[in-house]
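Only one structure is covered here, and it is reproduced in the block below.
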Number of protein chains: 2
Amino acid sequence: MSDSQKFPVAAHALAYLAHKEAFSPDRAVASAELAASVPTNPVVVRRVTAMLGKAGLIGARAGANGGAWLLKPAQDITLDTVLRAVHGCANLGTAPPGVKGCPVGARIPDAVRAALIAADAAAAERLSLISVADLLADPAERDAVLKSA
Amino acid sequence: MSDSQKFPVAAHALAYLAHKEAFSPDRAVASAELAASVPTNPVVVRRVTAMLGKAGLIGARAGANGGAWLLKPAQDITLDTVLRAVHGCANLGTAPPGVKGCPVGARIPDAVRAALIAADAAAAERLSLISVADLLADPAERDAVLKSA
DNA sequence: GGAACTGTATCGGTAGCGATTACGTAATAG
DNA sequence: CTATTACGTAATCGCTACCGATACAGTTCC
């Protein structure tokens, strides 16, 4: 696992869809337009939107006038859902295997692993307080939401 | 930034030092011994312990019978301090630059960036509740500490 | 003086990611 | 019905970052 840009791209794409009020198939936004806004390559966007689609966050349709649209109101999509949709996690490293046989050398890795999981859970919990709609709010209002931890 | 193992190695090393009761220079533990416990290469350990030393968490001495020792009680070293000492962070990606000129395309990246920072802060805050001493406690007691979020 | 150990520089191997190209499928426009 | 648009996926390329290993200078103890 690693330093992936999937989560930032996903968050940006969802916010863009909300800004464009793409709430139904007839208002679908093409991957090329989303890619131009990030900016990145259309294929990178489609890789992400495909995962968001499997998570039930957005719909997508091929063909002319096709593209992606939101399946839920922007304020109902929290960022922890987005993070899980793209299989992201707070990456602080992986606990080492430790030395077999040594009692303490075997217990420390489990404890470190538990700490890493706790940190990841805390990050996800923090993201659950932020919605896609919050990403479009004015900076002042957005910071107010971000600080109400 | 990336998928570094520095933080897990640092946490393991500090826990090992606490277990060995290395609280003064005359009880210093060599990098080779720490490396055998992780397990990893002695140089990898020294790269990490050098950073921990600059952060004031441990002392180190070269020469025969040299090595590293703790400068503070294990229960006074919290894992967020360790994370910062090795320049780690919850790696959820980097906010995209966005498109210049478009007002919304320029504001979304700032909002995404703020969300990433908030998540990182939440992870660090969670780690601040865990000490190196907690890593050595029994699994039952350790989980009790981890759940008292 | 010799042995042990740290801190740092450097090199090779490896893994992961983004960007790009390409292709099959689907859906609309004319 | 055909051309066009657009998604989803696979394959490839170049890049970057990390770990592991070797080497070496400086430091400390016997």
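Any value given below was found using the heavy atoms of this structure, including those in side chains, with hydrogens, waters and symmetry copies removed. Protein chains get the first letters and strands the later ones, always in sequence-line order, with residue 1 at the start of each.
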Find the distance [X]:[atom1] to [N]:[atom2] and express it as a whole number of Å.
{"X": "A:Ile58", "N": "D:dC7", "atom1": "CD1", "atom2": "P", "result": "10 Å"}
{"X": "A:Leu17", "N": "D:dC7", "atom1": "CG", "atom2": "P", "result": "11 Å"}
{"X": "A:Leu34", "N": "C:dG18", "atom1": "CG", "atom2": "C1'", "result": "17 Å"}
{"X": "A:Phe7", "N": "C:dG18", "atom1": "CZ", "atom2": "P", "result": "14 Å"}

(message) Return a single string for nucleotides 19-30 of chain D, one symbol per nucleotide in 5' to 3' order, where B is base contact, S is sugar-phosphate-only contact and - is none, cutoff 4.0 angstrom on heavy atoms.
(response) SBBB---BBBS-
Check: residues 110-123 of chain A side-chain donor-acceptor pairs under 3.5 Å, at least two apart:
residue	atom	partner	partner atom	Å
A:Asp110	OD1	A:Arg113	NH2	3.3
A:Asp120	OD1	A:Ala90	N	2.6

(request) Tell me, please, which residues at least two apart from A:Lys20 pass salt bridge (Lys or Arg N to Asp or Glu O under 4.0 Å). (result)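 Once residues adjacent in sequence are excluded, the partners of A:Lys20 under the salt bridge (Lys or Arg N to Asp or Glu O under 4.0 Å) criterion are A:Glu33.
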(message) One thing to verify: whether A:Asp80 and A:Arg84 come together as a salt bridge, which I'm taking to mean a side-chain N less than 4.0 angstrom from a carboxylate O.
(response)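 Salt bridge flag = yes for A:Asp80 with A:Arg84.
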(message) For A:Ala74, give me all partners under side-chain contact (heavy atoms from CB on, under 4.5 Å), at least two apart in sequence or on another chain.
(response)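 Here the qualifying residues are A:Ala18, A:Val132, A:Ala133.
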Considering only distance and modelled atom types, tabulate donor-acceptor pairs under 3.5 Å from the side chains of residues 42-57 of chain B, sequence neighbours left out.
residue	atom	partner	partner atom	Å
B:Arg46	NH1	B:Ser31	OG	3.1
B:Thr49	OG1	B:Val45	O	3.1
B:Thr49	OG1	B:Arg46	O	3.1

(request) Return no unless some side-chain N or O of B:Ser31 is found under 4.0 Å from OP1 or OP2 of C:dT6. (result)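 For C:dT6, OP1 or OP2 has a side-chain N or O of B:Ser31 closer than 4.0 Å.
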(message) Looking at B:Lys54, I'd like to know whether one of its side-chain N or O atoms comes within less than 4.0 Å of OP1 or OP2 on C:dT8.
(response) yes
(request) If you link ILVMFWY side chains whenever their heavy atoms are less than 4.5 Å apart, which other residues fall into the same cluster as A:Leu71? By chain and number, please. (result) A:Trp69
